[in-house]
Amino acid sequence: MEAFVILFQLGVPVALLAFTYVIGSSIEKRHYADVLAREKATARFPVLNLKRLPEGWDASDGELVVANVVISVDYFKRFLAGLRGLVGGRVTSYEPLIDRARREAVLRAKEYAIARGFDGLVNLRLETTSLAKANSRQDLAGLEILAYATAVKLR
Amino acid sequence: MRFSPRAPPDDQNVNVTPVHPLREFAVLWLGLSGVALAIFLLLTLGVELAVSRIPPALEAKVFGGILSEVPKFSAEAELDPQRLERARELLDRLAGHWPEAPYRFRLGVIPGDEPNAMAVPGGAVLVTAALLEGAETENELAFVLGHELGHFRNRDHLRRMGRGFVLALMLSVLSGGLVEPSAPALLQLVDQLAGRTLDRSQELEADRFGLTLVAAEYGHVAGSRRFFEKLEETRGSSRVEAWLSTHPATASRLEELERFAGEQGLSAIGEPAPLP
Amino acid sequence: MILSNIEGVPGKRVIEAYGVVTGSTVRAKHIGRDFMAGLKNIVGGELKGYTELLGEARQEAVDRMVSEAQRLGANAVINVRFGTSSVAQGAAELFAYGTAVRVE
């Protein structure tokens, strides 16, 4: 009987890992496909992180555009990061997450500007904030990526 | 400055390391487990060395406080006070036959449906209420108490605690730090596992000491095997159970005891004393 | 690859701009550094282990950004900015971004 209790206690985390891995990776695949499609669609829309405008650009209007994304980390990724925290090195499980989030934030800013008839984004800036859970100092509740730029209308 | 939008080709994402997460998981986990196992073995060795060096006087000082904690979760109230008194007195009598005993032993009762007994650092012998209630003769109880005294003699209780601590640390590390080392569920699990690692021969050694104490007290060892016979009746010692449980299979224990008794010339003839 | 964090490269002319490039990395320190840092936090002073670690990570982020710029055919990245945040206990995320351009 005791053996079953122990197996159960070990089996739950393993099952959780397997489950969240499967679900997490499917969500990730879908999001990446979505991000790539939208990037292709908006590829012609200029985004620069410079303040000065390219030649031939005669800006008549400018407006601050702010877009953000908050992402959460699934159990499997967090577990891998925990193991990495012992060994050190690149936390490869977080890389695709942050990459997706950043591209998503920039896309949102782009799409916002496009929807309002602007012609380009200049002086793009990116910020990341990590949100801690209320009850624990070190547990991550989510990661916020902020993308802001000035959208310009050209004559 | 002209602006001509360009996008890098899709084939490669420079910000993501092209490693499959499952592979990363396997490598990290197996690697860490290997390291953990090595450290565990080293620490277990360390525990063995330490146990033989900790003087009982120090142990009594450090853990003596536990004895006063026992009444808090004790189930004494439900027991027949006469029986409890006799049990306490019995423990003292048995300890009397071990003059070099470095502890002051005390009996504590904990709730439990199955008859069980434990040796706790500091000199406390904990028995479940079921054990006291189910004992038919004094000799039977004497054997169980003597067995626990045998564990104290071999410092087995310290080993168990030391290994438990090491295991808790290892498991906490292996879980990637997700499980706190002090989580009660972990401590329970770890205590069970540590109990299993105790050598079968340590249990048999404790059996032998228990038998010698009983013989010294009563002049014979009749009635002590009754405990095992009851165990066999209720559980029917199957091989699988024996492997899983902390104690070696009852049948082999009985055999060993009879062989030992024969060797030592301990008489099995005598009238077992009744309990109140 | 020329890098600068002003809007151009001194002494050169910016001919063409291709877009924003980013490089990011997430690095964790190993448990040994953690332990040393814990000790250092008692006595104070520079945490050399961490300085090293974050320096390496930042270099990696820059390298990634540069390789993306190369794939665009740029020969310089201007207006480079850095960002950092902590994403897990003992792990930091670093990113660098700038505009990939061709200068001459």
Side-chain angles (χ1 to χ4, degrees), chain A residues 39 43-55 57 71 73 77-99 101-103 105-106 110 121-132 136-140 142-147 149, chain C residues 4-9 13-37 49-50 52-53 56-57 60-61 64-65 68-69 72 76-101:
Chain A
E39 278 179 350
R44 297 260 114 215
F45 191 76
V47 175
L48 297 166
N49 93 323
L50 304 172
K51 292 195 182 91
R52 72 180 215 198
L53 304 175
E55 69 187 24
W57 282 32
I71 46 164
V73 189
K77 286 194 163 70
R78 237 176 320 141
F79 183 81
L80 272 183
L83 293 183
R84 266 290 165 202
L86 296 170
V87 172
R90 257 190 258 151
V91 185
T92 60
S93 60
Y94 279 13
E95 282 175 348
L97 194 64
I98 293 180
D99 181 52
R102 191 170 301 121
R103 285 157 83 164
V106 172
K110 264 185 175 178
L121 286 175
V122 291
N123 206 14
L124 173 77
R125 291 197 189 185
L126 296 166
E127 297 288 330
T128 320
T129 317
S130 61
L131 311 164
S136 155
R137 243 183 331 116
Q138 58 209 45
D139 243 346
L140 203 64
L143 211 61
E144 191 222 16
I145 315 275
L146 181 73
Chain C
S4 116
N5 90 327
I6 53 176
E7 298 248 340
V9 178
R13 216 163 44 97
V14 179
I15 307 294
E16 211 171 352
Y18 301 128
V20 174
V21 286
T22 63
S24 73
T25 174
V26 184
R27 280 288 187 98
K29 57 191 187 316
H30 59 74
I31 205 164
R33 273 200 239 255
D34 214 350
F35 182 67
M36 292 309 291
Y50 275 52
E52 230 174 72
L53 171 77
E56 279 169 17
E60 181 169 7
R64 286 181 166 183
M65 178 183 73
E68 191 162 325
L72 291 182
V77 183
I78 57 177
N79 211 13
V80 173
R81 297 215 167 102
F82 291 100
T84 320
S85 77
S86 82
V87 296
Q89 176 71 345
E93 179 242 346
L94 289 119
F95 66 99
Y97 61 105
T99 306
V101 298

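Computed from heavy atoms alone, side chains included, the values below leave out hydrogens, waters and symmetry copies. For clarity, every value in this text was computed on a predicted model and none was experimentally measured. Residue numbering restarts at 1 for every chain, and letters A, B, ... go by the order of the sequence lines.
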Under a 4.5 Å heavy-atom cut-off, does chain A meet the side chain of C:Glu16, its backbone, both or neither? neither
Cut-off 4.5 Å, heavy atoms of chain C, and the answer for A:Asp99 is neither
To check you understand the geometry: which heavy-atom pair defines the closest contact between C:Arg27 and A:Val91, and what is its length? C-CG2, 4.1 Å
Using side-chain heavy atoms (C-beta onward) and a distance below 4.5 Å, is A:Val106 in contact with C:Thr22? no
Residue among A:Arg103, A:Lys51, A:Glu127, A:Arg84 with most heavy-atom pairs under 4.5 Å to chain C: A:Lys51
Need one label for C:Ile6: side chain, backbone, both or neither, based on atoms under 4.5 Å from any heavy atom in chain A. neither
Which side-chain N or O atoms in residues 92-100 of chain C pair as donor and acceptor under 3.5 Å with protein atoms at least two apart or in another chain?
from	atom 1	to	atom 2	distance (Å)
C:Glu93	OE1	C:Ser85	OG	3.3
C:Glu93	OE2	A:Arg102	NH2	2.6
C:Tyr97	OH	A:Leu126	N	2.9
C:Thr99	OG1	A:Asn49	N	3.2
C:Thr99	OG1	A:Asn49	OD1	2.4

Part of A:Val87 lying under 4.5 Å from any heavy atom of chain C: backbone
Contact class of A:Leu48 relative to chain C, heavy atoms under 4.5 angstrom: both
A:Gly85 versus C:Ala28, closest heavy-atom pair with distance: CA-CB, 4.1 Å
Which atom of A:Arg52 lies closest to which atom of C:Glu7, heavy atoms considered: N-OE1, 3.0 Å
